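Here the structure is a predicted model, which is why all the values come from computation and not from measurement.
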Amino acid sequence: MNTILLGFAILASGIIGYFISISLVTTPFYKNRANNYLSLSLFLLTSLTLLGWFNIEDTVLEFLNNPVLEYLVGVTLFTYFLIQIEHKYLKQSWYKWLYLPFIGALIIETILYLDTIFNFYNSDFVDLQLHIMDNGSFFYNVFLIFWGRKLIKGSKIISEDKKRWLLRLNLFMIYIIIMWLLSTIEFYVFDSEYATSFLWVLLSFLSWWVLYYGVFRLQLVVQKDEIHQYLVSKTTNSTKTKKKINEIKVSKIISQLYELMDEEELYKNPLLSRSDLSNRLETSERYLSQVINQELNKSVIQFVNEYRIEAAKNLLQNPVFNKYSVEAIGMEAGFKSKSVFYSTFKTSEGVSPGAYRKLQKQS
C-alpha cells in the first residue's frame, strides 16, 4: 500500500513537473531566457524521476530514462544560474565546452546501442563503460552545482532577495546530489534501495518546490528589481518632490521622520520596525510612538503604511508598470507579503490593488 501511495505521489509530481516545464516557455509572465534553461532542467529531472520509478523498458519513453541526460541536467541548471546573476562567463567562448561531456556521453551511448545490433564488444566492457558514464555524470553535476553556488554567493549585481532564492534552489539540488550518492552506495554495498526510494520522493518534491519558490517567488523578485531599477534611473534624472509639511506644526522629530521617508525611502524596507526608526532618530521607541500619535493622530505602522500605499498607487497608476504583477508592485512599495498588501490597501482605498489598477485604466 505504501508503494502504491508513493507511486501515486511521484506520478502527481511528475505531471506537475511537466506542466511547469511547459508553462515556463509558454506563459508570458514566466517566459524569458533563464527560464528556458530551468524548463529543460526540470523536464529532464522529472523524466529521470518519473520514468526511473515506473517500469518503462522496451517502450518509446525509454530514451528519457537514459544516463546520458544526467550530463545535461547540471549544465542547463548552471546556465540558468549564470543568466540570473548576469555573469560574464556567458560571453566567454569556452563556455560552450561545458556541453562537451553530454555530447561525448551521447556518442558513447550511440555506439553501445549499435553494439546490441552488431555485437562489437564483450558484455564486461560494455558494463564498464556504463559504470564510468554513470559515475562521471554524478561528479560532473557535483562540480557544476557547487561552482554555480560559489558564483551566486560572489555576485555583486543582484539583490539579496534574488540571491536568496537562487541559493535555496541550489541547496535543494545539493540535497538531491547527496541522496543520489547515498542511494548509489546503498545499492552497491547493501543491495537495497531504501535511499533510492527517498531520492525519488525528493526529486518529485522538487517539482512542487520549484513551482512556488524557484519560479513564482523568484519571478516576483525579478519584477520587483526591474521596477526598482526603473525608479532609480528616473530619480537620478529628476528632482525629487519633497512632502510639504509646513501646513501643520510639527516637532523636530516629525520633521526628521518625514525627511528619512522622503529622501531615503525607509518605508520600502519590508522589515522596517519601530526600533529601526527610533535608532535613526536617536530617541526611544516609546517617545517616538507618543509623538506620532499626538501630532499626527496615527500609529507608527499606520504612518509607514501610508507611504507604502502612496508608492503602490503611483506604480499602479503608471502604464509603464502594467506588465508587472500587483504583488511585485506591493513588494517594491515595502509590503512583506501579498496578504498584508491587499488588506492594508483595501482598508485605505476601499478597493483591492487589482481593482484600483483597473479603475485607473478605465479613467
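A donor-acceptor pair under 3.5 Å is absent between the side-chain atoms of K298 and the main chain of I292, judged by distance alone. Formation of a donor-acceptor pair under 3.5 Å by the T76 side chain with backbone atoms of V73 is found in this model. With hydrogens and angles ignored, the 3.5 Å screen pairs no side-chain donor or acceptor of N170 with any backbone N or O of L166. Looking at S343, its side chain does come within 3.5 Å of a backbone N or O of V340 through a donor-acceptor pair. Here the side chain of T283 pairs no donor or acceptor atom with the backbone of L288 at under 3.5 angstrom. For the pair K162 (side chain) and Q84 (backbone), a donor-acceptor distance under 3.5 Å is present. Looking at N279, its side chain does come within 3.5 Å of a backbone N or O of S275 through a donor-acceptor pair. In this structure, the side chain of R149 engages the main chain of L167 through a donor-acceptor pair within 3.5 Å. Between the side chain of N141 and the backbone N or O of S137, at least one donor-acceptor pair lies under 3.5 Å.
Taking the six-membered ring where the residue is Trp, F335 and F341 present tilted rings, their angle falling between 30° and 60°. Below 30°, between 30° and 60°, or above 60°: for H87 and Y89 the angle between ring planes is between 30° and 60°, a tilted geometry.
With contacts defined as side-chain heavy-atom distances shorter than 4.5 Å, the pair Y80/N35 qualifies. S284 places a side-chain heavy atom less than 4.5 Å from the side chain of Y287. Contact annotation: the side chain of N322 approaches that of R357 to within less than 4.5 Å [non-hydrogen atoms, C-beta and beyond]. In this structure the side chain of L82 never reaches within 4.5 angstrom of the side chain of Y37, judged on heavy atoms. Looking at I83 and N36, their side chains never come closer than 4.5 Å, going by heavy atoms from C-beta outward.
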Where do L277 and M261 land on the side-chain contact (heavy atoms from CB on, under 4.5 Å) test, with the steps shown first? CA-CA 10 Å; L277 287 175; M261 291 296 174; 3.8 Å; yes

Using the side-chain contact (heavy atoms from CB on, under 4.5 Å) rule, take L98 and T79 through it: C-alpha gap first, then chi angles, then the decisive distance, then the call. CA-CA 10 Å; L98 293 175; T79 303; over 6 Å; no

What verdict does the side-chain contact (heavy atoms from CB on, under 4.5 Å) test give for I158 and W165, after you've listed the backbone C-alpha separation in whole Å, the side-chain angles of each residue and the deciding distance to 0.1 Å? CA-CA 11 Å; I158 61 175; W165 295 123; over 6 Å; no

Do E332 and Y324 pass the side-chain hydrogen bond (donor to acceptor under 3.5 Å, both in side chains) test, and can you show the C-alpha distance, the side-chain angles, and the key distance before you say yes or no? CA-CA 11 Å; E332 169 58 23; Y324 298 109; over 6 Å; no

Could you walk me through whether V291 and R286 pass the side-chain contact (heavy atoms from CB on, under 4.5 Å) test, one step at a time? CA-CA 9 Å; V291 170; R286 183 177 179 181; over 6 Å; no

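Within a 6.0 Å radius of CD in E282, no more than 12 heavy atoms belonging to other residues, nucleotides or ligands are found. No more than 12 heavy atoms of other residues, nucleotides or ligands shown are found within 6.0 angstrom of CH2 on W97.
Applying the side chain to side chain contact (heavy atoms under 4.5 Å, CB included) test to I301 and every residue at least two apart in sequence or in another chain returns S299, N305, R308.
Note that CD1 of I152 and OG of S155 are 8.5 Å apart. Values are rounded to the nearest 0.5 Å. Remark: F321 CZ to N314 CG distance equals 9.5 Å, nearest 0.5 Å. Between atom CG of residue N297 and atom CD of residue Q302 there is a gap of 8.5 Å, rounded to the nearest 0.5 Å. To the nearest 0.5 Å, atoms OG (S337) and CE (M331) are separated by 10.0 Å.
When ring centroids are compared, F78 and F146 stay outside the 6.0 Å threshold. Note: F102 and Y71 fail the aromatic proximity criterion, with ring centroids not under 6.0 Å apart. In this structure, F81 has its ring center at least 6.0 angstrom away from the ring center of W147. Here Y267 and Y307 bring their ring centres to under 6.0 angstrom of each other.
Of all non-hydrogen atoms in I329 and A312, the two that sit nearest each other are CG2-O, 4.0 Å. Of all the heavy atoms in L144 and G74, the pair that sits closest is CD1-C, 3.5 Å.
If you chain together hydrophobic residues whose side chains sit under 4.5 Å apart, I22 and L44 never meet in one group. Tracing side-chain contacts under 4.5 Å through hydrophobic residues (I, L, V, M, F, W, Y), one reaches W94 starting from L151; they form part of the same cluster.
Cation-pi contact between K338 and Y342: present, with separation from the ring centre below 6.0 Å and deviation from the ring axis of at most 45°.
A side chain to side chain contact (heavy atoms under 4.5 Å, CB included) with L266 holds for exactly one of V304, L272, D276; it is L272. Residue Y356 forms a side-chain hydrogen bond (donor to acceptor under 3.5 Å, both in side chains) with just one option from E349, Q317, K346, K361, and that option is Q317.
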